[in-house]
**Q** 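Attaching a single structure in structure tokens format; questions to follow.
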Amino acid sequence: MARRVSLPGLMLALTFATGVVDAVGYLRLDQVFAGNMTGNVVILGMAATGTTDLPVLGPAVALVLFLAGAALGGRVLRTAESGWDVRCTGLLTGVALILGLAALVLVVAGADAIPGLRPAIAASLALAMGMQAATARHLAVKDVTTVVVTSTLTGLAADSRLGAARSQGALRRAAAVAWIILGAAAGAALCQVHEGFAVAVAALVVLAVSALGHLAARSDSHPVPATTGQATPPADTPASARPVARTDKGVPRATGPHLARHQGKGRP
């Protein structure tokens, strides 16, 4: 099963989780985006005019915590080689744990249990999304950042037949857009039941991605040895001890230890 897991597929699953989390943040946590920081920046810009009723505290704290999560992810991965390694597993497992704790608080206590809990939960979700975004950036799957789709939409349109007519990557870009839409739809639907359930679903998705990515990386690092073909002698075997087939006037003749045995048989 691990060998059938693809890195783009895992990143698309994380994109779905982002859609779920952002739906919860916007619909239940005072219009805060946990993954899409462009939305928070725009909200803060409009709120700065003082002519709107848009929130300031939630988006501002979420922006700061997202940056903190991304910085933490970058710090952990700064010496990591390209591709998936144990540090990617650790970061995504941490993301799942943060989402799981936030879901538990929402289910047990509710978003209004104490003053200021809504922005605190939104900030924890943003911290998790920052860590996820840094991990996705390290894995570098083209056109799948897991948290935003503006650049993906730009590439999809610019390279379409109406644009530069370059079709490479169109399917992956379209899938990234589709999965974040599906995630947002799922998050909105689950919020009708309870916002904590929505965050729990996102946590389970991230945890599954972490486990599958780790198993796939381990499978790739331990290839199955070949069992067919002619065996080759060890590299440290002296050349004189290796059997070598030669021919004298079309008659096979052996050298090395085999030669000595054949010569002994010909003696009286």
Side-chain angles (χ1 to χ4, degrees), residues 2 5 7-25 29 32-37 40 58 61-109 111 117-141 144-148 179-180 183 187 190 195-218 221:
V5 173
L7 192 55
L10 295 178
M11 296 301 100
L12 290 174
L14 293 181
T15 304
F16 174 86
T18 299
V20 174
V21 171
D22 268 344
V24 173
L29 302 176
V32 175
F33 289 101
N36 183 8
M37 290 300 111
N40 287 334
V61 174
L63 179 60
V64 172
L65 267 293
F66 181 91
L67 295 175
L72 174 62
R75 187 76 174 182
V76 171
L77 294 168
R78 64 175 178 167
T79 58
E81 297 181 357
S82 60
W84 193 294
D85 69 358
V86 68
R87 280 172 278 192
C88 296
T89 303
L91 281 170
L92 290 179
T93 301
V95 171
L97 289 176
I98 293 172
L99 294 178
L101 288 174
L104 183 63
V105 171
L106 287 171
V107 170
V108 173
L117 187 58
R118 284 178 183 268
I121 294 176
S124 67
L125 299 182
L127 174 69
M129 291 297 100
M131 294 166 59
Q132 175 182 296
T135 307
R137 183 175 184 270
H138 170 76
L139 294 172
V141 175
V144 186
T145 66
T146 78
V147 291
V148 293
W179 278 106
I180 203 167
L190 287 169
E195 56 269 21
F197 295 159
V199 179
V201 167
L204 290 174
V205 170
V206 177
L207 188 61
V209 168
S210 177
L212 289 173
H214 182 71
L215 290 175
R218 286 190 61 185
S221 63

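Computed from a prediction, not measured in an experiment: that's the story for all the values here. Excluded from the calculations below are hydrogen atoms, water molecules and symmetry mates; all remaining heavy atoms, backbone and side chain alike, are included.
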**Q** How close do Ala134 and Ala70 get, counting heavy atoms only, and between which atoms?
**A** CB-O, 3.6 Å
**Q** How close do Ala80 and Asp85 get, heavy atom to heavy atom, and via which atoms?
**A** CB-OD2, 3.5 Å
**Q** First locate atom CG of Leu12, then atom CH2 of Trp179, and finally report the distance between them rounded to the nearest 0.5 Å.
**A**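 Leu12 CG to Trp179 CH2: 8.0 Å, rounded to 0.5 Å.
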**Q** When you look at Leu7 and Met11, which way does the side chain to side chain contact (heavy atoms under 4.5 Å, CB included) test go after all the steps?
**A** CA-CA 6 Å; Leu7 192 55; Met11 296 301 100; 4.2 Å; yes
**Q** Backbone N or O of Asp22 within a donor-acceptor pair of the Asn36 side chain at under 3.5 Å?
**A**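 Side chain of Asn36 to backbone of Asp22, a donor-acceptor pair under 3.5 Å: no, none is there.
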**Q** Testing the basics here: between Gly196 and Leu106, what is the closest heavy-atom pair and its distance to 0.1 Å?
**A** CA-CB, 3.8 Å
**Q** Is there a side-chain contact between Leu215 and Val5 in this structure, where contact means two heavy atoms from C-beta onward sitting under 4.5 Å apart?
**A**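 In short, these two side chains do not touch, never coming nearer than 4.5 Å.
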**Q** In Å and rounded to the nearest 0.5 Å, what is the CD1 to CG distance from Ile180 to Leu14?
**A**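 Reported value, rounded in 0.5 Å steps: 11.0 Å.
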**Q** Look up atom CG in Leu77 and atom NE2 in His138, then write down how far apart they are to the nearest 0.5 Å.
**A** 5.0 Å
**Q** Using atom types as modelled, flag every donor-acceptor pair under 3.5 Å from a side chain in residues 118-129 to any protein atom, sequence neighbours excluded.
**A**
residue : atom : partner : partner atom : Å
Arg118  : NE   : Asp112  : OD1          : 2.7
Arg118  : NH1  : Arg28   : O            : 2.1
Arg118  : NH2  : Asp112  : OD1          : 3.1
Arg118  : NH2  : Asp112  : OD2          : 3.0
Ser124  : OG   : Ile121  : O            : 2.6

**Q** Just how far is it from atom CG of Leu29 to atom CG of Leu117, taken to the nearest 0.5 Å?
**A** 8.5 Å
**Q** Please indicate whether Arg87 has more than 12 foreign heavy atoms, meaning atoms of other residues, nucleotides or ligands, lying under 6.0 Å from its CZ.
**A** yes
**Q** I'd like a table of donor-acceptor pairs (distance under 3.5 Å, sequence neighbours excluded) in which one partner is a side-chain atom from residues 89-97, with atom names and distances.
**A**
residue : atom : partner : partner atom : Å
Thr89   : OG1  : Trp84   : NE1          : 2.8
Thr89   : OG1  : His214  : ND1          : 3.2
Thr93   : OG1  : Thr89   : O            : 2.7
Thr93   : OG1  : Ser210  : OG           : 2.9

**Q** For Ala133 and Phe66, which heavy atoms make the closest approach, and how far apart are they?
**A** CB-CZ, 4.0 Å
**Q** Could you tell me which non-hydrogen atom of Thr145 sits nearest to which non-hydrogen atom of Ala136, and how far apart they are?
**A** O-CB, 3.6 Å
**Q** Quick check: closest heavy atoms across Val209 and Ala13, and the distance to 0.1 Å?
**A**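 Closest pair (atom of Val209, atom of Ala13, distance): CG2-CB, 3.6 Å.
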**Q** Does Ala202 have any side chain to side chain contact (heavy atoms under 4.5 Å, CB included) partners at least two apart in sequence or in another chain, and if so, which?
**A** Ala17, Val20, Val21, Leu99
